[in-house]
Amino acid sequence: MPNPALSALPSPRVQRELSARAVLTGAVLGILLTPSNVYAGLKIGWSFNMSIIALLIGFGVWQGLARNRNSGPAWSLHESNINQTVASAAASIISGGLVAPIPAYTLLTGNQLDPLPMMAWVFSVSFLGIWIAWYLRPTLLNDHGLTFPEGMATLETLQHIYNHGQEAVARIKVLSVAALLSGGLKWVDEFVWAIPRWAPTPALERLTFTLDPSLLLIGFGGIIGIRVGLTLLLGAALAWGGLAPFLIDHALVVLAPNASGPQFAKLVEWLLWPGVSLIVCATLTSLAVRLFQVPKRMPADQGPRAKVRFSPMPALGMLLAVALVVFLQAQLFDIDLWMALLSIPLAICLAVVAARVVGATGIAPIGAIGKLSQLSFGLIAPGQVGINLMSANTAGGAAGQSTDLMNDFKVGLAIGATPHKQLIAQCIGISIGSVVGVLVYLALIPDPQTMLLTEQWPAPAVATWKAVAQTLTHGLASLSTEVRWAIVIGSVCGVLLGALDSLLPQRAARWLPSTAALGLAFVLPASTSVMMGLGAVLTWLVSCRWPSITERFAITAAADLIAGESITGVGASFWEMLRNV
């Protein structure tokens, strides 16, 4: 049955596709948007798909120029697709390890990669994911059981902006206002007047219950939805309002005498264990259940598959990616050559799993893929931190970039785009993202040992990877009895919630707490969870009163609240770095 979104799109008889302006626009937007995901990843452990923002901005700029000059070709549908492919590939570079295994490796070993080796590593694992996606493309795109919801959302945005130009203009205006508001507030907080973080009482302030004047957190709350937002509030109440005072009262966490202000760093060293256990067990359980639910073969009435012609270029690209990943593992992390080679088939298998799950559900299980890789290498090479983190990073990074490109391939199939041109655009995007992402990370976190896992930079993904690597390296015996019981309880809750979330009908499952958000609330400061929960509640209330306005503008406004503050925050860090030179 034809998709209504496809029938509404303009005819795909467009010649301009991989044009210089499409690539340049995507590159510029990638440079601007990549810092947002690095910043957000270090702040809250989540990132945002930048495809729709790139589509809106590219369309607005080039259609506006064409209208004003009344000359030159219009910004084509295919150019929009190339633009968003380059930009989203650059912005998704954090799946290559920038906000998780790479910082965790530094925290556990004390070794900080130099900029060029770090860029090469992030690029290599992403490059491997691109070629995996290329070989998966004929099979997965012809499987009608896999709808790729995220790709279809991008396709629907293409439909809106090419059939309702005024709607695109309205969304761009909302986008601009939100970015200026968020960025302006952050600029005032950084350079003019440090906005006070208010807490009801000193005791609650010590437990990190403060109001953080961050529109980025409000924006993320608007995106994550009411279920996740309320779960974050519940998790903050359980972890920081209930368990944290218990830990202090029973001397399981010893604070400095007369300690004042938020005591995040001390408390999170204990709280991360039940939180991480819940996240890992819930995601692995959910992933296992989904694998049994994902369609395994094409329906009989699907029609013929697309013909696949053999070409030596993809094979050479795959071999180059494998050689690069294996070489860098050996050179940068002193990983044995055979162990580095073993990471490749595991990365390919897990990238296939991730692509099928994304195709069926729209949810990228990158966290679960990373943990599964860590567990695998923990069994194969126990006690070796470098292998546990960086060989697992290969699987997580490849899966992240593979799923991003599969969504782009889904859009391209619908509009008649050229696959190899999309692949080139993706390669350009990860090249840009590797350079920009690493520079931004090093500017924000020049000293990971003292800056990460603090209230300013909670880095929950780093805490998760670090905790799993520590446990697999030293064993549970290295932890206190109380922490081990907390891990057991968190694991049991994670398995139960993960199974129920996947097995119950959707109508019943939506009343369960979000397992990812519940575990994350144990690793984030309570102030962060409170502000994100507030954003979710506000967005839900507005949607109840004005549903059409929320449907049209909520995601656009929320995304640019995130982009405005994060870009300003990155700029402030660069400014501080230049002042200290």
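Counting from 1, the numbers follow the sequence of the chain as shown. What's counted below: heavy atoms across the whole structure, side chains too, no hydrogens, waters or symmetry copies.
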Next on the checklist: Is there a side-chain contact (heavy atoms from CB on, under 4.5 Å) between Ile223 and Ile562? Walk through the geometry before answering.
Outcome noted: CA-CA 10 Å; Ile223 291 171; Ile562 297 167; 3.5 Å; yes
Checklist entry - Taking Thr403 for the side chain and Ala355 for the main chain, is one N or O donor matched with an acceptor at less than 3.5 Å? => result no
Checklist entry - What's the verdict on side-chain contact (heavy atoms from CB on, under 4.5 Å) for Ile344 and Leu128, showing C-alpha distance, side-chain angles and the deciding distance? => result CA-CA 9 Å; Ile344 302 301; Leu128 177 63; 4.2 Å; yes
Item to check | Set of residues satisfying ring pair (Phe, Tyr, Trp, His ring centres under 6.0 Å) with respect to Tyr105, sequence neighbours excluded | outcome: Phe333
Next on the checklist: Return the OG to CG distance between Ser529 and Leu234, rounded to the nearest 0.5 Å.
Outcome noted: 10.5 Å
Next on the checklist: Within the 3.5 Å criterion, strictly below it, is a donor on Gln112 or Asp447 matched to an acceptor on the partner's side chain?
Outcome noted: no
Checklist entry - CD of Glu455 to CG of Leu524: how many Å apart, nearest 0.5 Å? => result 11.0 Å
Checklist entry - Could you go step by step and tell me if Glu565 and Ser214 meet the side chain to side chain donor-acceptor pair (under 3.5 Å) rule? => result CA-CA 8 Å; Glu565 179 175 327; Ser214 170; 3.0 Å; yes
Checklist outcome for this item: Taken to the nearest 0.5 Å, the spacing of Leu444 CG from Met451 CE works out to 7.5 Å
Checklist entry - Between Asn49 and Ser51, is there a donor-acceptor pair closer than 3.5 Å when you use the side chain of the first and the backbone of the second? => result yes
Item to check | N/O donor-acceptor pair under 3.5 Å between Ser343 side chain and Ala340 backbone | outcome: yes
Next on the checklist: Whether the side chain of Asn393 engages the backbone of Leu389 through a donor-acceptor N/O pair (distance < 3.5 Å, no angle test) should be reported.
Outcome noted: no
Next on the checklist: Let me confirm one number: the CE-CG distance from Met119 to Leu98, rounded to the nearest 0.5 Å.
Outcome noted: 10.0 Å
Checklist entry - Does a side-chain heavy-atom distance below 4.5 Å link Leu442 with Met118? => result yes
Checklist entry - Mind checking whether Leu497 and Pro513 have side chains closer than 4.5 Å, heavy atoms only? => result yes
Item to check | Spatial distance of atom OG1 (Thr106) from atom CG (Leu113) [nearest 0.5 Å] | outcome: 6.5 Å
Next on the checklist: Any donor-acceptor pair under 3.5 Å linking the side-chain atoms of Ser391 with those of Gln329?
Outcome noted: yes
Checklist entry - Sub-3.5 Å donor-acceptor pair from the side chain of Lys43 to the main-chain atoms of Leu216, do we have one? => result no
Checklist entry - When you look at Leu238 and Leu243, which way does the side-chain contact (heavy atoms from CB on, under 4.5 Å) test go after all the steps? => result CA-CA 6 Å; Leu238 289 174; Leu243 186 53; over 6 Å; no
Checklist entry - Do Pro35 and Val436 have side chains that get closer than 4.5 Å, going by heavy atoms? => result yes
Next on the checklist: Tell me if a side-chain donor or acceptor on Gln401 pairs with a main-chain N or O of Ser95 at a distance below 3.5 Å.
Outcome noted: no
Checklist entry - Between Val468 and Leu472, is any pair of side-chain heavy atoms under 4.5 Å apart? => result yes
Checklist entry - Can Asp408 and Gln422 be counted as having a side-chain donor-acceptor contact under 3.5 angstrom? => result no
Next on the checklist: Quick one, Leu423 and Pro419 - any side-chain contact, counting heavy atoms below 4.5 Å?
Outcome noted: no
Checklist entry - Can you name the closest pair of heavy atoms from Trp121 and Val325 and give their distance? => result CZ3-O, 3.9 Å
Next on the checklist: Does any part of the side chain of Leu29, heavy atoms only, come nearer than 4.5 Å to the side chain of Met50, both counted from C-beta?
Outcome noted: no
Next on the checklist: Quick one: does any side-chain atom of Thr231 pair with a main-chain N or O of Ser514 as donor and acceptor, under 3.5 Å?
Outcome noted: yes
Next on the checklist: Quick one, Ser36 with Ser566, criterion side chain to side chain donor-acceptor pair (under 3.5 Å). Give me CA distance, side-chain angles, the key distance, then yes/no.
Outcome noted: CA-CA 5 Å; Ser36 297; Ser566 56; 2.8 Å; yes
Checklist entry - Quick one: OG on Ser88 to CG on Asn83, what's the gap to the nearest 0.5 Å? => result 9.0 Å
Checklist outcome for this item: For Arg227, the salt bridge (charged side-chain N to carboxylate O under 4.0 Å, His left out) test, sequence neighbours excluded, returns Asp501
Solution key, residues 265-274 side-chain donor-acceptor pairs under 3.5 Å, sequence neighbours excluded:
unit_1	atom_1	unit_2	atom_2	d
Trp273	NE1	Glu269	O	3.2

Item to check | For Gly151 against Asn407, the heavy-atom pair lying closest together | outcome: N-OD1, 3.1 Å
Item to check | Donor-acceptor contact below 3.5 Å, side chain Thr109 vs main chain Asn111 | outcome: yes
Checklist entry - Are Leu413 and Arg137 close enough, and set up right, to give a side-chain contact (heavy atoms from CB on, under 4.5 Å), and what steps lead you there? => result CA-CA 10 Å; Leu413 178 67; Arg137 178 181 60 88; over 6 Å; no
Checklist entry - Do Phe264 and Trp240 have their ring centres less than 6.0 Å from each other? => result yes
Checklist entry - Between the main-chain N or O of Ala90 and the side-chain N or O of Thr34, is there a donor-acceptor pair closer than 3.5 Å? => result yes
Next on the checklist: When you compare the side chain of Trp338 with that of Leu341, does any pair of heavy atoms fall below 4.5 Å?
Outcome noted: yes
Next on the checklist: Using every non-hydrogen atom in the two residues, find where Gly519 and Leu278 come nearest and quote the distance to one decimal.
Outcome noted: N-CD2, 3.9 Å
Next on the checklist: Give me the atom names and distance for the closest heavy-atom approach of Gly96 to Ile102.
Outcome noted: O-CD1, 4.3 Å
Checklist entry - Any idea which heavy atoms bring Leu453 and Ala463 closest together, and the distance? => result CD2-CB, 3.7 Å
Next on the checklist: I'd like to check Ile279 versus Phe522 (side-chain heavy atoms, cut-off strictly below 4.5 Å). Are they in contact?
Outcome noted: no
Checklist outcome for this item: When every non-hydrogen atom of Gly412 is compared with those of Asn81, the smallest separation belongs to CA-ND2, 4.1 Å
Next on the checklist: Please check this pair: side chain of Thr454 against backbone of Trp457, looking for a donor-acceptor N/O pair closer than 3.5 Å.
Outcome noted: yes
Checklist entry - Using the ring of each side chain (for Trp, its six-membered ring), is Phe127 parallel, tilted or perpendicular to Phe123, with breaks at 30° and 60°? => result parallel
